[in-house]
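Comments concern the structure below.
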Number of protein chains: 2
Amino acid sequence: MILRTTPCIKAITTAGALAERLRNEINAGRWTVGETLRQEELASEFAVSRIPIREALAQLHAEGLIVVEHYRGARIKGLEPLQVEELFDLRLLIEGDLLRRAIPAHTKASVRRLQLIQTQLRHEENRLGWIASDRAFHEALYAPADRPQSLALLGQLRAPVERFSLQQLSPRARQREWDQEHRALISAAAARDTDTALAAIKKHLDGTRAIVLAAACSPQEE
Amino acid sequence: MILRTTPCIKAITTAGALAERLRNEINAGRWTVGETLRQEELASEFAVSRIPIREALAQLHAEGLIVVEHYRGARIKGLEPLQVEELFDLRLLIEGDLLRRAIPAHTKASVRRLQLIQTQLRHEENRLGWIASDRAFHEALYAPADRPQSLALLGQLRAPVERFSLQQLSPRARQREWDQEHRALISAAAARDTDTALAAIKKHLDGTRAIVLAAACSPQEE
DNA sequence: TTTTCAAAAATTGGATACAATTATTCAATG
DNA sequence: CATTGAATAATTGTATCCAATTTTTGAAAA
């Protein structure tokens, strides 16, 4: 039996690979909010027919990244301020629950893993790599809770927001704050101090929410 | 401008209509856990090509009702006991939050609406109609909270479980309990008594969890 | 100049046809 | 009799083509 060492899931389906590729493009800011993704254009770009493109778009729709209208195409989805507020309230609810379960279950090994990811994250220059590392950090933070359903749900809450949370990555000040907040989470995990961890995640989410609110001020659709 | 009076969303897409149809068939128990849904078979049954069938299957996959494997088809997804536990924990988390916001915002009109739905639910003989009414009840219960994202998330938590929650509808005893629990929620909403409502929803979810656990004891897939 | 409306172009949705992969059959072998 | 393995069948994935719908264009009219 072969064990996979890379944490990245290989997309065996072409539609899956396309969805991953398009997700990255969206997160990298290739399209602006409200812009439509033309099937023919994407098909010729990736040298496939429109069928797998359509399946990839359906997947992105399910992830909440695009809005699809009958006979009118797929457009990049924007976020209203109220939606952002609600999404982050939900994240606090779920991430808090995950933390409560994960913190007591953290070990020296799991904390070490967190530190490694954070080191990698600190030196990440590329926007996409930064997103991936941040995702990995939070997954590792919550992994000891052993709650796959919650993690999946959390992923759905993160997806539509990631686009905006790294759009403003440039302000180095916020980047430094981000790093400090992650370190606070790590030390709370190391000390198995749930209350401190909860306070830290609340602060972290509040900071991220502010960034997303600032970035997602476009008054579009649905 | 035309206002739609029916609460049911019309599926303009054929794929959407197919997905709704298939979802009902799944909930009605047409297939057992682990059974595969053949594209050709469904295509000829609904007199369409396999393309819209595939899109419908992708949608059901996103809803967590089926598992899709490359070149191996779509199979009805089962639930492990641990998954059921976690799903209901998450529901309690989110439905509790929704209740906290909804109860103080309930009005005479919204409570009246709840009563109407509950009356309809009580006389519902058909399994599918019962599911739809129960869904409507909970939507009406949480509607005053005005939290669309939370409702959507809740829908995703309910979907994979509905199949099993009505499988054991037959025991009239449980059906009577169910009715009583709903009535408790209604009166708590009428009295704007949040704590009582929270206790009632916990009891209701615990009861439903037990039913689902009993029904979903099959040790299949993924 | 602006508005209206019909024809043309562009785009998406669905059907058919073919390629890639998996499942099944059945004869040969131990 | 059980097991192996190659040929066959069945099934899914993708490309191409046509139909349905929307968007654009441009000329006529106010």
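Sequence lines set the chain letters: A, B, ... in the order given, protein chains first and strands last, and positions in each chain run from 1.
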Do [X] and [Y] come within less than 4.5 Å of each other through their side chains, counting heavy atoms only?
X: B/W31; Y: B/E25; value: yes
X: B/H138; Y: B/H204; value: yes
X: B/E63; Y: B/Q59; value: yes

Would one find a side-chain N or O of [X] under 4.0 angstrom from OP1 or OP2 of [N]?
X: A/Q39; N: C/dA10; answer: no
X: A/R54; N: C/dT12; answer: no
X: A/R38; N: C/dA10; answer: no

Check: What nucleic acid atoms does A/L37 come within less than 4.0 Å of, heavy atoms only: base, sugar-phosphate, or nothing?
Finding: sugar-phosphate
Notebook entry, point to check: So which of B/H182, B/E181, B/Q175 actually passes side-chain hydrogen bond (donor to acceptor under 3.5 Å, both in side chains) with B/W178?
Noted result: B/H182
Measure the distance from [atom1] on [X] to [atom2] on [N] and round it to the nearest whole Å.
X: B/I51; N: C/dT12; atom1: CD1; atom2: P; result: 16 Å
X: A/E41; N: C/dA10; atom1: CD; atom2: P; result: 14 Å
X: A/I53; N: C/dG13; atom1: CD1; atom2: P; result: 13 Å
X: B/L57; N: D/dG13; atom1: CG; atom2: C1'; result: 13 Å
X: B/E40; N: C/dA17; atom1: CD; atom2: P; result: 12 Å

Notebook entry, point to check: Does a side-chain N-to-carboxylate-O contact under 4.0 Å join A/E162 and A/R135?
Noted result: yes
Notebook entry, point to check: Mapping A/A47 and B/A74 to their closest nucleotides on DNA chain D, which lands nearer the 5' end?
Noted result: B/A74
Note to self: Under the side chain to side chain contact (heavy atoms under 4.5 Å, CB included) test against B/F88, which residue among B/D206, B/L93, B/L157, B/V161 passes?
What the structure shows: B/V161
Enumerate all atom pairs, one protein N or O and one N or O from nucleotides 21-24 of chain C, separated by less than 3.5 Å.
residue	atom	partner	partner atom	Å
C/dA23	OP1	B/R72	NE	2.7
C/dA23	OP1	B/R72	NH2	3.0

Next item on the list: Would you check if the side chain of B/S110 reaches a backbone N or O of B/H106 as a donor-acceptor pair within less than 3.5 Å?
Entry: no
Notebook entry, point to check: Picking from D/dC17, D/dG13, C/dA15, which would you name as closest to the side chain of B/R50?
Noted result: D/dG13
